[in-house]
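Beneath this line is the structure, given in structure tokens, with notes to follow.
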Amino acid sequence: MDSTATADRCRITGRRTVDPSRLSPSARDAFGRELYAIHRQIFSGVTEERFRSHVIEPPAESTAVQIYLGAGGEVVGYCAVHRYRRRIGGRDTIVLRAEAGLRPEYRGRGTTYWFGMIRALAEKLRHPFTAVYYLGTLVHTSSYHLFFKYFPRVYPHPDLGFPEAARAVALELADSFPDPAADASDPLVRAVGWITIETPQEKALDRRGDLPDVRYFKSRNPGYVAGQGLVVLVPITFGNVAAAMLARLGELARLAVRRHEPPL
């Protein structure tokens, strides 16, 4: 099969957003089993019960799960976004968390990007005067690479470090969730247990010693290969989100131009 046919076969043909809290118990169980079957093709090290507690039934104010469909209408991936409220430093704070995964042959197209970005922007628009953060415990180089590529402010950062005020927020938020520190000497690395089943492209990225974000992530979280996650804080401000969206649009424009360039 040629590359064009393979690309067509591995194309996302549909999306559907599900609020698990609106499903009946039996429908929610079926939904959880369906997603976990996909999850097992993307990550190892996670039981179905733990998967459900993170993705389907977390103790969040709200959860939305976008599922992605392949050419035959089958589910090939998901992106779950959750909203929590916390009181940090005496201030009301909104915390966004997410889990995402696609079967290996569907990765590398930024499929989950806009769902997460639109949810983040909508949250900030609804609460313009409330501090909003995305808090991640990132278990693979590729995840950190995406945040670094698009957001001018993501902490920790190979050039910006981790400003003390942002670090204090990140630690307080991380401690409000159940994943413990992997080692007491470094509370910014958490024992998550999700181990990415890498594609050849992800393995290639992992070997990119010329990329400062790849070097930095691996130096800060060498245990990611065993399911350890680096605590990452992204301020959801209008400026930070706008810059990330413009960076992605610029990337898409460059890709479109290259596709239409005549061969040499």
Side-chain angles (χ1 to χ4, degrees), residues 20 28-29 31-60 63-68 75-84 86 95-104 106-107 112 116 133-148 154-156 162 170-199 201-203 205-206 213-214 216-234:
R28 191 159 53 246
D29 285 344
F31 183 59
R33 287 193 300 271
E34 181 180 37
L35 282 198
Y36 183 64
I38 299 301
H39 172 87
R40 291 180 62 190
Q41 300 175 49
I42 303 163
F43 299 99
S44 63
V46 183
T47 65
E48 183 172 357
E49 180 181 9
R50 184 168 170 80
F51 171 80
R52 289 177 63 103
S53 71
H54 275 72
V55 178
I56 308 296
E57 300 172 321
T63 289
V65 184
Q66 187 167 83
I67 59 174
Y68 304 99
V75 177
V76 299
Y78 65 89
C79 180
V81 178
H82 320 284
R83 182 184 70 222
Y84 299 84
R86 294 291 188 266
V95 186
L96 302 178
R97 307 209 70 187
E99 302 87 22
L102 289 163
R103 276 172 34 187
Y106 290 88
R107 296 180 202 167
T112 64
Y133 298 99
Y134 168 78
L135 180 78
T137 44
L138 305 186
V139 296
H140 196 266
T141 317
S142 57
S143 299
Y144 184 76
H145 178 70
L146 289 176
F147 283 102
F148 177 86
V154 53
Y155 306 116
F162 211 145
L171 287 175
E172 192 169 351
L173 288 177
D175 285 342
S176 74
F177 292 95
D179 293 330
D183 187 315
S185 66
D186 188 355
L188 288 174
V189 177
R190 299 282 158 154
V192 180
W194 298 42
I195 302 171
T196 303
I197 300 172
E198 294 181 308
T199 63
Q201 292 83 359
E202 287 163 338
K203 290 178 181 178
L205 173 66
D206 216 31
D213 56 297
V214 170
Y216 183 76
F217 179 85
K218 292 170 70 174
S219 69
R220 284 294 293 111
N221 184 25
Y224 75 94
V225 294
Q228 294 180 9
L230 179 66
V231 174
V232 170
L233 186 76
V234 181

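H39 and W194 have perpendicular rings, their planes meeting at more than 60° on a 0 to 90° scale where under 30° would count as parallel. Ring planes of F51 and Y36: tilted class, angle from 30 to 60°.
From Q201, atom CD reaches atom OG of S142 across 11.0 Å, with rounding to the nearest 0.5 Å. To the nearest 0.5 Å, atom CG of residue L171 and atom CZ of residue F162 are 7.0 Å apart. Here the straight-line distance linking atom CG of L35 with atom CD1 of I56 works out to 4.5 Å at 0.5 Å rounding. With values rounded to the nearest 0.5 angstrom, L173 atom CG is found 12.0 Å from Y84 atom OH. To the nearest 0.5 Å, atoms CD (E202) and CD1 (I197) are separated by 10.5 Å. Atoms OH and CG, from Y134 and L96 in turn, are 9.0 Å apart once rounded to the nearest 0.5 Å.
Among D186, V189, V192, the single residue meeting the side chain to side chain contact (heavy atoms under 4.5 Å, CB included) criterion with L230 is V189. Applying the side chain to side chain contact (heavy atoms under 4.5 Å, CB included) test between V232 and each of L138, T137, L135 identifies L138 as the sole match.
Residues that satisfy the salt bridge (Lys or Arg N to Asp or Glu O under 4.0 Å) test with D206, not counting sequence neighbours, are absent from this structure. The salt bridge (Lys or Arg N to Asp or Glu O under 4.0 Å) check on R97 picks up nothing, with sequence neighbours excluded.
A donor-acceptor pair under 3.5 Å links the side-chain atoms of H82 to the main chain of H54, judged by distance alone. Checked by atom type and distance alone, the side chain of N221 never pairs as donor or acceptor with a backbone atom of V139 at under 3.5 Å. In this structure a side-chain-to-backbone donor-acceptor pair under 3.5 Å is present from R28 to P20.
Between Y216 and F148, the ring centre distance reaches or exceeds 6.0 Å.
Of all non-hydrogen atoms in T199 and P104, the two that sit nearest each other are CG2-CB, 3.5 Å. Across all their heavy atoms, Y68 and C79 have their closest contact at OH-CB, 3.6 Å. For the pair A226 and I195, the tightest heavy-atom approach, listed with the atom from each and the gap, is C-CG1, 3.7 Å. In terms of heavy-atom proximity, I42 sits nearest to G101 at CD1-C, 3.3 Å. For Y78 against T112, the heavy-atom pair with the smallest separation is O-CG2, 4.3 Å. R50 and A191 make their closest contact through NH2-O, 4.0 Å (heavy atoms, listed as atom of the first residue, atom of the second, distance).
For R40, the CZ atom is loosely surrounded, since the number of other residues' heavy atoms within 6.0 Å does not exceed 12.
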Test side chain to side chain contact (heavy atoms under 4.5 Å, CB included) applied to V81 and Q66, step by step: CA-CA 9 Å; V81 178; Q66 187 167 83; over 6 Å; no
Intermediate values then yes/no, side chain to side chain contact (heavy atoms under 4.5 Å, CB included), Y224 and K218: CA-CA 8 Å; Y224 75 94; K218 292 170 70 174; 4.0 Å; yes
Salt bridge (charged side-chain N to carboxylate O under 4.0 Å, His left out) between D175 and R86, intermediate numbers included: CA-CA 11 Å; D175 285 342; R86 294 291 188 266; over 6 Å; no
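With contacts defined as side-chain heavy-atom distances shorter than 4.5 Å, the pair D29/R52 qualifies.
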